[in-house]
2 protein chains.
Amino acid sequence: MSVTIVDIAKQAGVSPSTVSRVISGHPKISPATVRKVKAIMEEMNYHPNVMAKSLVSKVTNTIGILLPRPAEELFLNLFFSEMIRGVVTQAARSSYDLLMATGTTEREEVDAITRLVRGRRVDGVILLYSRQADPVISFLKEEKFPFVLIGRNDEHPDILTVDNNNVQAAFDVTRHLIAQGHTRVGFVSGPPNLTVSRDRLEGYKLAMQQEKLPVHPEWIVEGDFLQESGYRAMSYIMNLPERPTALVVMDDLVAFGVLGGLTELGYKVPQDLCLAAFNNTPMSELTSPPISSVDIGIYQLGYTASQTLLRTVKGETVHQNRVLIPHRFIPRESSLHTIHK
Amino acid sequence: MSVTIVDIAKQAGVSPSTVSRVISGHPKISPATVRKVKAIMEEMNYHPNVMAKSLVSKVTNTIGILLPRPAEELFLNLFFSEMIRGVVTQAARSSYDLLMATGTTEREEVDAITRLVRGRRVDGVILLYSRQADPVISFLKEEKFPFVLIGRNDEHPDILTVDNNNVQAAFDVTRHLIAQGHTRVGFVSGPPNLTVSRDRLEGYKLAMQQEKLPVHPEWIVEGDFLQESGYRAMSYIMNLPERPTALVVMDDLVAFGVLGGLTELGYKVPQDLCLAAFNNTPMSELTSPPISSVDIGIYQLGYTASQTLLRTVKGETVHQNRVLIPHRFIPRESSLHTIHK
DNA sequence: TCAATTAGTACAAACGTTTGCATTTTCTTC
DNA sequence: GAAGAAAATGCAAACGTTTGTACTAATTGA
């Protein structure tokens, strides 16, 4: 059926091993043989069987990527597509393929990764975001399997990570609002088990403290990465007796939810409430008003993670195990409103 | 290093073949043996080597998915993430993994697919959208390799497809606008080599003709699936001496571009121009005004495609080779404005 | 001219499974 | 209790590569 290396060998009148060496560019095969074998491969339309190759060489030329767990939902956020795009692009550049793993529960996630790793299906793994107490990380570390985490995990300071300085980013955003005269600034956080949520919350608090502004616990609301949570946060915030005049929001899509709710209730942004968010997904400039957001270089995060992973997989030693991708705050209309005392 | 089937066999005092049969649930292995072997597998933390397994069984439990070519851009449209989500979810349900292939040129695309297919890396392939004269389709057909096309291709009426009735959908949208008194309806199309573009254009024309309305060629503008093209289309349309009062747009994101441009120029939607689009991506209800759109069941398309593919891969004969996913027009504010003569 | 190198190639084992067939063990039945 | 059938398991080949080692032929140096 399928043409194999021995078919080529027979046709060319050489041994299979010679053909194999031609393919892998072995130095001491005579130019004449190389030419002949290559011609025949071309002619017979030969393509190596990847499985057989991997079986003996222990290399798969594939990297695994663990999709966000509640795949049902987070996928709706452009954030992850953009990140995956970065990974795909870089991987393709080294002709690595990408294998997606997914699971709906933490258990299933570990199972999926286990299948990939123990089944020797991939050479390395990329984790798209960082939770505290992540069993996947523990597993990969235990197996000594190459992986890169996009994000950071305090329990494992030694692993390879690609991250932003989220504390600084949140600090910047908050200061931007304070600089316009806001003294009551609220914060819509992400799930508290995500490192990124904690970091940003910390940056926010730091900025408030530095400016000697009070941080009211009721101004801090927990959300996730979906629009609805923004809507909910909004209703809660706007019903507070002494409500904030500005809001820092963990993600654009959530800010969207806030914005939609406000518009629905007849509030004006930024006059009635200033809004600044993170991630700068393409939609943040499509709303009216456009939403101020921190560009964290999502694509870059994915791209760099893939690059770092491939380097370690290929045995190059990576000198710094924690790469930081720079962020940049992009002010837009949603946060441009000066408060006068 | 890695524990193999023979390690298990030794430990259990049986032959490797018995272990293999335990794994695959062979009927005539004694319950006692099954129990013992399973216990030892558990204890020794055994996971089968997927490569070795695939090499002999010729089955990979993996399906390939060809990402949209100008991956750089189309990925920015939530459309594809949503579709992939459908595919992933269904595939995971049958514990199939997903391998992503991509290429920046048509040539690279064919190469990528060839690698997957000839290298026996996947059991089947899903193509996310349909172009005319697609060499990938020709290749897969020639190889008699299982694949499912999301969309339709007139040159290959016999292949497995999952599609919408796009002619009907465009017909519905156009009629919706006409019903509100519009007589000058324009159309922002997609790339003309995509079947979906042609179908929708046809449906639009059909509706116009049925209502005895003129179809002015200058009211038909070509775009792609990105926001910018909407912006461009808008500038062109609004500068026409006799411009349309309503616009049917191939995709939400493009309609976004139109909307943004209009707002920028001080036009009001729907008063100055009515807008209706396709695909009903989550963002269509986030704009102001929200955009009327046809829900084509993107997730369903992906899910069903995966399901269909897995059926054929497993040898079940699929009785209908062309599955249609129902669509539903969702009117929103952007198209709700009645014209009085 | 002959030994010593070197260049080029072939042999065969290995990778970790699956599976058709042979073999052994256990169970029926008379 | 023996013969035959049925159930359970083992043997060995095969899948398509890679790679260490051995071999042959050509080249070199004295």
Side-chain angles (χ1 to χ4, degrees), chain A residues 1-38 40-41 44-62 114-123, chain B residues 1-38 40-41 44-62 114-123 314-315:
Chain A
M1 337 213 306
S2 190
V3 26
T4 79
I5 219 171
V6 319
D7 299 327
I8 304 293
K10 262 186 201 132
Q11 195 69 21
V14 298
S15 78
S17 44
T18 301
V19 177
S20 171
R21 285 190 242 260
V22 168
I23 292 170
S24 59
H26 191 100
K28 42 184 179 178
I29 297 290
S30 77
T33 312
V34 170
R35 233 176 302 113
K36 183 166 55 174
V37 170
K38 280 202 170 157
I40 293 184
M41 290 198 310
M44 297 184 71
N45 206 348
Y46 168 78
H47 282 261
N49 182 314
V50 180
M51 298 299 165
K53 181 174 182 155
S54 304
L55 178 56
V56 28
S57 71
K58 310 266 183 228
V59 166
T60 64
N61 274 338
T62 307
T114 307
R115 271 215 326 269
L116 295 197
V117 171
R118 307 295 284 272
R120 302 271 170 253
R121 290 210 65 173
V122 297
D123 299 336
Chain B
M1 340 209 313
S2 190
V3 26
T4 78
I5 219 171
V6 319
D7 298 327
I8 303 295
K10 263 187 202 133
Q11 195 68 23
V14 297
S15 77
S17 41
T18 301
V19 177
S20 171
R21 284 188 248 260
V22 167
I23 293 169
S24 59
H26 190 100
K28 40 185 182 179
I29 297 290
S30 77
T33 310
V34 170
R35 231 174 303 114
K36 183 167 53 176
V37 170
K38 280 199 170 156
I40 293 184
M41 290 197 310
M44 298 185 69
N45 207 347
Y46 168 78
H47 283 261
N49 182 314
V50 180
M51 299 300 165
K53 181 173 183 155
S54 302
L55 178 57
V56 28
S57 71
K58 312 265 182 222
V59 166
T60 64
N61 274 340
T62 307
T114 307
R115 271 215 328 269
L116 295 197
V117 170
R118 306 294 286 273
R120 302 272 169 254
R121 291 208 66 171
V122 296
D123 298 336
K314 288 175 184 166

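Order of the sequence lines fixes the chain letters, A, B, ..., with proteins taken first and strands second; residue numbering starts at 1 for each chain. Source: prediction; values computed, not measured.
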Thr4(B) near the nucleic acid: base, sugar-phosphate alone, or nothing, with a heavy-atom cut-off under 4.0 Å?
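Touches sugar-phosphate only.
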Are Met41(A) and Val37(A) close enough that some pair of their side-chain heavy atoms sits under 4.5 Å apart?
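With C-beta onward as the side chain, the pair touches.
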Please round to the nearest 0.5 Å and tell me the distance separating atom NZ of Lys28(B) and atom CZ of Arg21(B).
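Rounded to the nearest 0.5 Å, the NZ-CZ separation comes to 9.0 Å.
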N/O contacts under 3.5 Å, protein versus nucleotides 26-29 of chain C?
none

Side chains of Ser15(B) and Thr18(B): any donor to acceptor distance under 3.5 Å?
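Result is yes, a qualifying pair exists.
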Anything under 3.5 Å between a protein N or O and an N or O of nucleotides 9-13 of chain C, put it in a table, one pair a line.
{"residue": "dT9(C)", "atom": "OP1", "partner": "Ser30(A)", "partner atom": "OG", "Å": "3.3"}
{"residue": "dT9(C)", "atom": "OP1", "partner": "Thr33(A)", "partner atom": "OG1", "Å": "2.5"}
{"residue": "dT9(C)", "atom": "OP2", "partner": "Ser30(A)", "partner atom": "N", "Å": "2.9"}
{"residue": "dT9(C)", "atom": "OP2", "partner": "Ser30(A)", "partner atom": "OG", "Å": "3.3"}
{"residue": "dT9(C)", "atom": "OP2", "partner": "Thr33(A)", "partner atom": "OG1", "Å": "3.1"}
{"residue": "dA10(C)", "atom": "OP2", "partner": "Ser15(A)", "partner atom": "N", "Å": "2.7"}
{"residue": "dA10(C)", "atom": "OP2", "partner": "Ser15(A)", "partner atom": "OG", "Å": "3.4"}
{"residue": "dA10(C)", "atom": "OP2", "partner": "Thr18(A)", "partner atom": "OG1", "Å": "2.8"}
{"residue": "dA10(C)", "atom": "N6", "partner": "Arg21(A)", "partner atom": "NH2", "Å": "2.6"}
{"residue": "dC11(C)", "atom": "N4", "partner": "Ser17(A)", "partner atom": "OG", "Å": "3.0"}

Working to the nearest 0.5 angstrom, can you tell me the gap between Arg121(A) CZ and Thr60(A) OG1?
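Those atoms lie 9.0 Å apart.
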Do Ile5(B) and Tyr46(B) come within less than 4.5 Å of each other through their side chains, counting heavy atoms only?
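When only atoms from C-beta onward are counted, Tyr46(B) and Ile5(B) do touch, with a gap below 4.5 Å.
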Could you give the distance from CG (Asn45(B)) to CD1 (Ile8(B)), rounded to the nearest 0.5 Å?
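Going from CG on Asn45(B) over to CD1 on Ile8(B), the span is 9.0 Å.
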Main chain of Pro16(B), side chain of Ser20(B): is a donor-acceptor contact present, judged purely on distance under 3.5 Å?
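Side chain of Ser20(B) to backbone of Pro16(B), a donor-acceptor pair under 3.5 Å: no, none is there.
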Are Leu55(B) and Asn49(A) close enough that some pair of their side-chain heavy atoms sits under 4.5 Å apart?
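The answer is yes, as the side chains (C-beta and beyond) meet within the 4.5 Å cut-off.
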Minimum heavy-atom separation for Thr33(B) to Ile29(B), with atom names?
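Looks like CB-CG2, 3.9 Å.
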Within 6.0 angstrom of Lys314(B) NZ, more than 12 heavy atoms from elsewhere:
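Above 12, so yes.
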Taking any atom closer than 4.0 angstrom to a non-hydrogen atom of chain A, what span of DNA chain D does the protein reach, first nucleotide to last?
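In short, chain A contacts DNA chain D from dG16(D) to dG20(D).
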